Engineer: 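Here it is, the structure in full.
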There are 2 protein chains.
Amino acid sequence: MTDTFVSNPSFFKLDATLKKLRNYWQKQFDAKQKDITVDQWLLVENLYKHKKTTHNELARNTSKDITTISRIIELLVRKGLVQREADSVDRRKVYLQLTPAGVEKYKDVKPMVHDMRKVGWKGLSEQDYNELTRILDTIYENVP
Amino acid sequence: MTDTFVSNPSFFKLDATLKKLRNYWQKQFDAKQKDITVDQWLLVENLYKHKKTTHNELARNTSKDITTISRIIELLVRKGLVQREADSVDRRKVYLQLTPAGVEKYKDVKPMVHDMRKVGWKGLSEQDYNELTRILDTIYENVP
DNA sequence: TAGCAACAGTTGTTATAGCAACTATTTTGC
DNA sequence: GCAAAATAGTTGCTATAACAACTGTTGCTA
């Protein structure tokens with residue numbers, strides 16, 4: 001591994017690419033008046049897949065801090081997209097799930113997201129996807 | 001391009017990797033009491049390279065919003081690492097440059113950053129770096 | 001079983017991200 | 001030349017990120 005290679009700013013490139021994607025997604029959401037943020041969407045998507053989870057699980061699944069989850073969920077509850085349900089056994093636990101309106105929102109927004117993912121991958125192959133995954137996973141595992 | 005491929009959450013992976021890196025860097029900075037944040041560091045690094053620039057240039061170079069630059073610079077000025085200088089011709093313009101303390105900070109922190117970059121790339125080759133660059137650049141260009 | 005550690009979640013604080021609206025200049029177009 | 005448009009930067013606002021400190025609950029262990 002050469003020195004020039006190490007000093008190259010991949011951090012910057014990751015950051016720039018992610019911001020570009022995030023802005024694109026947000027602008028499309030806004031243009032279609034979906035009344036949702038990118039990170040709120042990520043939680044809705046996750047809740048749709050897992051039906052019923054806790055704050056902790058959501059945090060693990062989305063790579064977000066539990067305090068961030070707490071605050072985003074509060075916003076989603078206020079919007080009527082998510083409902084809380086107390087665990088009858090463990091009174092510390094709160095289960096989270098989409099309301100019918102939340103499921104509606106998911107189905108409404110999902111096609112846009114699919115199209116936007118397509119846009120990002122234009123001109124890239126499935127092998128490129130595998131390479132990207134491999135490299136990012138390696139970096140992720142390397143970092144303590 | 002298959003459908004499963006498109007629906008795979010690369011956004012999530014980018015986000016997770018970047019957070020892991022950012023947290024690692026920040027914890028190392030804190031552990032060595034460098035009294036600086038990751039994004040503040042990125043601006044210091046950029047100002048070291050470019051010696052004398054404006055808010056606008058910094059925003060372009062770092063892929064940050066100009067309002068964000070404005071606020072980070074304010075913090076760096078308060079810490080005594082950056083100084084502002086008015087343009088004598090165009091009175092709207094403000095030139096930014098590192099103070100001697102800012103240059104010191106750069107030289108103090110730089111070796112850590114170099115080592116941390118090395119840690120992230122462990123087990124990856126220069127070709128991997130080129131692949132990552134190519135793929136991220138393609139995505140970046142794809143997104144409007 | 002009393003005490004305490006561990007766990008689930010919330011709240012306070014500081015920093016970054018980005019949009020809108022603002023001031024103050026400079027440039028453009030007629 | 002002068003009004004309008006463009007440019008440089010700041011400020012207000014809301015959202016996300018992360019740490020510390022907090023409440024309340026459960027589990028462990030002497």
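So you know, we letter chains A, B, ... as the sequences are listed, proteins then strands, and number each from 1. Values in this document were obtained by computation on a predicted structure and should not be read as measured data.
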Engineer: To the nearest Å, give me how far apart CZ (Arg22(A)) and C1' (dA17(D)) are.
Structural biologist: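 Atom-to-atom, Arg22(A) to dA17(D), this comes out as 10 Å.
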Engineer: Has Glu104(A) got more than 12 heavy atoms of other residues, nucleotides or ligands less than 6.0 Å from its CD?
Structural biologist: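 Atom CD in Glu104(A) is not crowded, with 12 or fewer foreign heavy atoms closer than 6.0 Å.
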Engineer: In whole Å, I'd like the distance from the CG atom of Asn23(B) to the P atom of dA17(D).
Structural biologist: 11 Å
Engineer: With a cut-off of less than 4.0 Å, is there a side-chain N or O of Thr68(B) near OP1 or OP2 of dG18(C)?
Structural biologist: no
Engineer: Using a 4.0 Å heavy-atom cut-off, does Ile72(B) contact any base of the nucleic acid, only the sugar-phosphate backbone, or nothing at all?
Structural biologist: sugar-phosphate
Engineer: Look at the side chain of Arg91(B) and decide which nucleotide, out of dT10(C), dA18(D), dT25(C), has an atom nearest to it.
Structural biologist: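 Looking only at heavy atoms from C-beta outward on Arg91(B), the closest nucleotide is dT25(C).
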Engineer: For Lys79(A) and dA15(D), what is the distance between atoms NZ and P respectively, to the nearest whole Å?
Structural biologist: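 Lys79(A) atom NZ is separated from dA15(D) atom P by 7 Å.
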Engineer: Taking atom types as modelled, find out whether Gln26(A) and Asp30(A) have a side-chain donor-acceptor pair closer than 3.5 angstrom.
Structural biologist: yes
Engineer: Does Thr37(A) put a side-chain nitrogen or oxygen below 4.0 Å from OP1 or OP2 of dT14(D)?
Structural biologist: no
Engineer: Are Lys34(A) and Phe29(A) in a cation-pi contact, defined as NZ or CZ under 6.0 Å from the six-membered ring centre and within 45° of the axis?
Structural biologist: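 No, Lys34(A) does not sit over the ring of Phe29(A).
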Engineer: The side chain of Lys27(B) lies closest to which of these nucleotides: dC19(D), dA8(C), dA8(D)?
Structural biologist: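 Of dC19(D), dA8(C), dA8(D), dC19(D) is nearest to the side chain of Lys27(B).
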Engineer: Starting the side chain at C-beta, find the nucleotide from dT16(D), dG9(C), dA17(C) nearest to Asp15(A).
Structural biologist: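 Minimum distance to the Asp15(A) side chain belongs to dA17(C).
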Engineer: Is any side-chain nitrogen or oxygen of Lys64(A) closer than 4.0 Å to OP1 or OP2 of dA18(D)?
Structural biologist: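 Looking at the OP1 and OP2 atoms of dA18(D), neither is under 4.0 Å from any side-chain N or O of Lys64(A).
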Engineer: Using the side-chain heavy atoms of Arg71(B), tell me which of these nucleotides is nearest: dG9(D), dG24(D), dG12(D).
Structural biologist: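 Of the candidates, dG12(D) comes closest.
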Engineer: Is the phosphate of dT16(D), meaning OP1 or OP2, less than 4.0 Å from a side-chain N or O of Lys19(B)?
Structural biologist: no
Engineer: In this structure, how many angstroms lie between the P atom of dT16(D) and the CG atom of Asp39(A), rounded?
Structural biologist: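 In whole Å, dT16(D) P lies 5 Å from Asp39(A) CG.
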Engineer: What distance separates Thr17(B) OG1 from Asp137(A) CG, expressed to the nearest 0.5 Å?
Structural biologist: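 One gets 7.0 Å once the value is rounded to the nearest 0.5 Å.
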Engineer: Please classify the nucleic acid contact of Leu75(A) as base, sugar-phosphate, or nothing, using heavy-atom distances under 4.0 Å.
Structural biologist: sugar-phosphate
Engineer: A cation-pi test, strictly: NZ or CZ of Lys51(A) under 6.0 Å from the centre of the six-membered ring of Tyr48(A) and no more than 45 degrees from its axis. Yes or no?
Structural biologist: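 Yes.
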Engineer: Supply the atom-to-atom distance Leu47(B) CG to Tyr106(B) OH, rounded to the nearest 0.5 angstrom.
Structural biologist: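 Those atoms lie 11.5 Å apart.
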Engineer: Could you tell me whether the phosphate oxygens of dT7(D), OP1 or OP2, come under 4.0 Å of any side-chain nitrogen or oxygen in Asn56(B)?
Structural biologist: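 Indeed not, no polar side-chain atom of Asn56(B) lies that close.
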Engineer: Could you check which nucleotide pairs with dT10(C) in any of the strands shown, counting Watson-Crick or G-U wobble with both distances under 3.5 Å?
Structural biologist: dA21(D)
Engineer: What is the separation between atom CZ on Phe11(B) and atom P on dT16(D), rounded to the nearest whole Å?
Structural biologist: 12 Å
Engineer: Over all strands shown, is Gln40(B) touching base, sugar-phosphate only, or nothing at heavy-atom distances under 4.0 angstrom?
Structural biologist: sugar-phosphate
Engineer: Between dT11(D), dG9(C), dC19(D), which nucleotide gets closest to the side-chain atoms of Thr67(B)?
Structural biologist: dT11(D)
Engineer: Any side-chain N or O of Lys93(B) less than 4.0 Å from the OP1 or OP2 oxygen of dG9(D)?
Structural biologist: no
Engineer: Is the phosphate of dT10(D), meaning OP1 or OP2, less than 4.0 Å from a side-chain N or O of Ser70(B)?
Structural biologist: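 For Ser70(B), the contact criterion (side-chain N or O under 4.0 Å from OP1 or OP2 of dT10(D)) is met.
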Engineer: For Val89(A), answer base if it contacts any base atom (sugar-phosphate contacts may also be present), sugar-phosphate if it contacts only those atoms, and nothing otherwise; contact means non-hydrogen atoms under 4.0 Å.
Structural biologist: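 Touches sugar-phosphate only.
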Engineer: Given dA8(C), is OP1 or OP2 found less than 4.0 Å from the side-chain N or O atoms of His55(A)?
Structural biologist: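 No, no such contact exists.
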